[in-house]
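Note that the structure is predicted; figures quoted are calculated from it, not measured. For this chain, numbers begin at 1 and follow the sequence in order.
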Amino acid sequence: MAGELNGPLVVLTHALPRVDKLVSELNQLGIDAVAIGLQKIVVSDTLRAQTLAVKAKLPSFDTIVFVSPNAVEVFFDSPLLGVVPANLQWLCVGQATAQAVRQHLPVANHKSVVCGISNDADSVLLLLNSLRKEKLVKINLQKIVKINLQSDKGATSDALRVLVVRGSSGREDWIAACQQAGDSVAILAAYTSVEQSPSFAFTQQLKARQQVQNQGLATPVCFVVASTQLARQLHQWLAATSPELVQWAMQQSTLAIHPKIVEQLESFGFVAPKLISPGVQGIVQGLK
């Protein structure tokens, strides 16, 4: 039963409310999991209207880049308008993001959903470079067969028309690199992330495990950290709650979905954080 002190407790740092699905899936596997609630995703009416307006212009883009599963879920909260363009490329940061996109697209479009070999935006740059080369090859072929390029919707450049779907903030360096390569980049800030403190009930639950563990009983806790920002928030909240709690928490198991998160956790003093793949299976494997 969730909340009991005689089994491992998996603490998920992912943003509310979309982490609820992950909590449910882990609970169904018999894993005691809770969401700590350090962040909450908020979609205002204005942001929702902006997303709907962008959806109506999908044919004007060559590729859409999703930076996270949260961005995917917010974008697809309402159906797409009309037929999904067959030539539209859906680039994703991480396998979990790509999997989320495929769940919302017709099977015929799944082949256009790709992600890089690493779970960060740097991999998207490599994918965009590849798309530019493919576009340049097509342009050269058109020249060879003497197609009138001026009537071909202006396709005379290998520059891409890119839409980036994310929250209200994010990395800017890779976007600047795209623009320097000549790409036209539009950013859709589909939601905002609001920082918040965990509930009093969760704080008491964590302190109870600390107390029982200090008495020599096995009550393991495993923190699953989903971003560097959440790693910072987790450490700040623990330290602000009590020095004893943060010292105890840093000795518990910690799972992270990206090497940069592992590095940051280590810099805070967490003992041997473990790198896992995103999603349920990654957590299950990490607990073994």
Side-chain angles (χ1 to χ4, degrees), residues 1-3 9-52 54-55 66-80 92-105 119 164-170 188-206 221-238 241 254-258 261 276-284 286:
M1 180 183 299
L9 174 68
V10 176
V11 178
L12 302 171
T13 62
H14 308 56
L16 299 171
R18 299 177 188 277
V19 69
D20 292 342
K21 180 181 178 182
L22 183 56
V23 171
S24 176
E25 291 173 341
L26 290 170
N27 289 164
Q28 290 174 10
L29 293 175
I31 297 173
D32 186 1
V34 296
I36 188 173
L38 290 168
Q39 281 187 4
K40 183 178 180 180
I41 292 176
V42 178
V43 184
S44 66
D45 290 340
T46 299
L47 294 179
R48 191 172 287 108
Q50 291 175 356
T51 299
L52 288 174
V54 168
K55 285 182 178 180
F66 290 100
V67 303
S68 69
N70 287 330
V72 175
E73 296 304 327
V74 172
F75 186 81
F76 286 101
D77 265 347
S78 60
L80 293 177
C92 304
V93 177
Q95 289 287 350
T97 305
Q99 181 179 357
V101 173
R102 292 188 187 100
Q103 291 175 350
H104 292 283
L105 291 180
N119 188 34
V164 179
V165 184
R166 68 179 194 187
S168 56
S169 62
L188 172 62
Y191 62 93
T192 58
S193 296
V194 179
E195 294 187 9
Q196 57 186 24
S197 297
S199 67
F200 176 77
F202 172 77
T203 305
Q204 295 303 107
Q205 182 182 9
L206 203 60
V221 172
C222 179
F223 296 95
V224 183
V225 186
S227 72
T228 54
Q229 181 181 0
L230 287 166
R232 173 185 57 79
Q233 287 182 244
L234 174 63
H235 181 260
Q236 288 181 343
W237 172 74
L238 289 167
T241 302
T254 311
L255 306 179
I257 64 172
H258 192 275
I261 306 174
I276 63 169
S277 59
V280 173
Q281 292 306 314
I283 295 173
V284 172

Heavy-atom closest contact ([X] atom, [Y] atom, distance):
X: Asp20; Y: Leu16; result: OD1-CD2, 4.0 Å
X: Ala33; Y: Val23; result: O-CG1, 3.5 Å
X: Thr13; Y: Val225; result: OG1-CA, 3.2 Å
X: Glu73; Y: Ala100; result: OE2-CB, 3.8 Å
X: Glu25; Y: Val280; result: OE1-CG2, 2.9 Å

Look up atom [atom1] in [X] and atom [atom2] in [Y], then write down how far apart they are to the nearest 0.5 Å.
X: Ser227; Y: Gln39; atom1: OG; atom2: CD; answer: 5.5 Å
X: Leu206; Y: Gln204; atom1: CG; atom2: CD; answer: 10.0 Å
X: Ile276; Y: Gln281; atom1: CD1; atom2: CD; answer: 11.0 Å
X: Gln236; Y: Ser197; atom1: CD; atom2: OG; answer: 10.5 Å

Should Leu12 and Ile283 be marked as a side chain to side chain contact (heavy atoms under 4.5 Å, CB included) after you check the CA-CA gap, both sets of side-chain angles, and the distance that decides it?
CA-CA 10 Å; Leu12 302 171; Ile283 295 173; 3.8 Å; yes
Take Glu195 and Arg232 through the side chain to side chain contact (heavy atoms under 4.5 Å, CB included) test and state the conclusion after the steps.
CA-CA 11 Å; Glu195 294 187 9; Arg232 173 185 57 79; 3.1 Å; yes
Using the ring of each side chain (for Trp, its six-membered ring), is His104 parallel, tilted or perpendicular to Phe76, with breaks at 30° and 60°?
parallel
Is it the case that atom NZ in Lys40 sees more than 12 heavy atoms from other parts of the structure closer than 6.0 Å?
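Incorrect, the count does not exceed 12.
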For Trp237 and Thr203: C-alpha separation, side-chain torsions, deciding distance, then whether side chain to side chain contact (heavy atoms under 4.5 Å, CB included) applies.
CA-CA 10 Å; Trp237 172 74; Thr203 305; 3.3 Å; yes
